[in-house]
Amino acid sequence: MSESLGESAVTALVLAVGRGDRSAGDPLVRSTQRDIWRFLVYLVGHADAEDLTQETFVRALSSAHQFTGRHHARAWLLAIARHVAADHFRAAACRPRTVSVPDWQASAERSRAHHLPGPDDTVALNLAVRTLPAARRAAFVLTQVVGLGYAEAAELCGCPVGTIRSRVARARRDLASVLAPAPRPRPAPPRRPALVAASNVPTRGFDVTAANVP
């Protein structure tokens with residue numbers, strides 16, 4: 001189970017791993033794996049997030065000696081996760097493109113996003129976030145899902161803080177558009193009864209003629 005630790009404690013664990021303290025590895029993973037996994041879920045989806053989370057920690061533990069502690073360790077781990085996701089997409093682009101059953105299911109879920117009820121809102125949001133352009137998706141997930149500050153997200157993404165704010169604002173607008181309830185169709189106006197010609201009115205056997213009128 002994930003154990004949430006403060007930034008200073010996480011940073012201390014990474015520095016300890018970098019010095020060769022193997023006992024610091026397990027608490028580091030337990031305290032940060034949920035954030036890394038959530039970040040990757042929004043980038044690559046549930047199907048690959050677990051494997052890429054493991055790959056992130058493999059890279060982090062093997063390169064911890066390069067971490068200097070000048071920045072927050074959690075942001076450092078998220079940067080590694082971002083590179084892992086990028087490598088994943090590059091590798092996928094080199095493989096023949098096939099469509100699996102989960103891909104079809106995801107497409108169906110996405111097409112129904114406007115009609116999802118309450119319990120499925122998280123699914124709808126996840127799918128909607130994955131439709132965002134990569135830069136907006138990263139800015140939104142880092143600040144609104146993982147909880148980094150704008151300055152930390154800007155440092156991680158290598159862009160000014162104002163750019164992060166702009167990307168998040170645009171991402172929110174895009175998501176609001178995607179997740180907005182579908183407009184209800186307007187009911188058709190009631191049909192007016194057709195006029196019946198006098199010649200079609202039944203006379204019940206009476207000969208209605210001018211000769212019979214007194």
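Just so it is clear, the values below take in all heavy atoms, side chains as well, and ignore hydrogens, waters and symmetry mates.
- Looking at every heavy atom in both residues, Leu156 comes nearest to Ala75 through CD1-O, 3.3 Å.
- At a threshold of 4.5 Å between side-chain heavy atoms, the hydrophobic network of Ile, Leu, Val, Met, Phe, Trp and Tyr places Leu28 and Leu15 in one connected group.
- In this structure, CZ on Arg82 lies 7.5 Å from CG on Leu142, to the nearest 0.5 angstrom.
- With Leu148 as the fixed residue, the side chain to side chain contact (heavy atoms under 4.5 Å, CB included) test singles out one of Asp35, Ile164, Leu78, Val141: Leu78.
- Annotation: the span from Arg167 atom CZ to Cys157 atom SG amounts to 6.5 Å, rounded to 0.5 Å.
- Of all heavy-atom pairs spanning Val44 and Ala85, the tightest one is CG1-CB, 4.0 Å.
- Partners of Phe57 by ring-ring contact (aromatic ring centres under 6.0 Å, His included), not counting sequence neighbours: none found.
- Side-chain contact between His72 and Val10 is absent, with no heavy-atom pair separated by less than 4.5 Å.
- In plain terms, the two heavy atoms of Ala73 and Thr11 that are nearest each other are N-OG1, 3.3 Å.
- Closest of all the heavy-atom pairs between Gly149 and Thr143 is O-CG2, 4.3 Å.
- If you chain together hydrophobic residues whose side chains sit under 4.5 Å apart, Val129 and Tyr150 never meet in one group.
- Atom CZ in Arg137 sits 9.0 Å away from atom CZ in Phe39 (nearest 0.5 Å).
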For Arg172 and Gln144, run side-chain contact (heavy atoms from CB on, under 4.5 Å): C-alpha distance rounded to whole Å, both residues' side-chain angles, the deciding distance at 0.1 Å, then the answer. CA-CA 10 Å; Arg172 285 174 171 169; Gln144 309 303 307; 2.8 Å; yes
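- Inter-residue side-chain proximity for His88 and Glu55 is flagged as unmet; no heavy-atom pair is nearer than 4.5 Å.
- Atom CZ of Arg59 sits about 9.0 Å away from atom NE2 of His83, to the nearest 0.5 Å.
- Under a hydrophobic clustering in which Ile, Leu, Val, Met, Phe, Trp and Tyr are joined whenever their side-chain heavy atoms come within less than 4.5 Å, directly or via other members, Val14 and Val29 fall into the same cluster.
- In this structure, the side chain of Ser166 does not engage the main chain of Gly162 through any donor-acceptor pair within 3.5 Å.
- Contact check for Arg170 versus Pro133: no side-chain heavy atoms found under the 4.5 Å cut-off.
- Put simply, Leu52 and Leu61 are part of the same group of oily side chains (I, L, V, M, F, W, Y) that touch within less than 4.5 Å, one to the next.
- Between Trp76 and Phe67, the ring planes are tilted. Angles from 30° to 60° get that label.
- The structure places CG of Leu13 at 9.5 Å from OG of Ser8, a figure rounded to the nearest 0.5 Å.
- Atom OG1 of Thr53 is separated from atom CD of Glu50 by 7.5 Å, given to the nearest 0.5 angstrom.
- When all heavy atoms are compared, the tightest approach of Leu40 to Ala81 is CD2-O, 3.6 Å.
- Looking at Gln54 and Trp37, their side chains never come closer than 4.5 Å, going by heavy atoms from C-beta outward.
- The hydrophobic cluster containing Val161 also contains Val168, counting ILVMFWY residues as joined when their side-chain heavy atoms lie under 4.5 angstrom apart, directly or transitively.
- Smallest separation of non-hydrogen atoms from Ser62 and His65: O-CE1, 3.3 Å.
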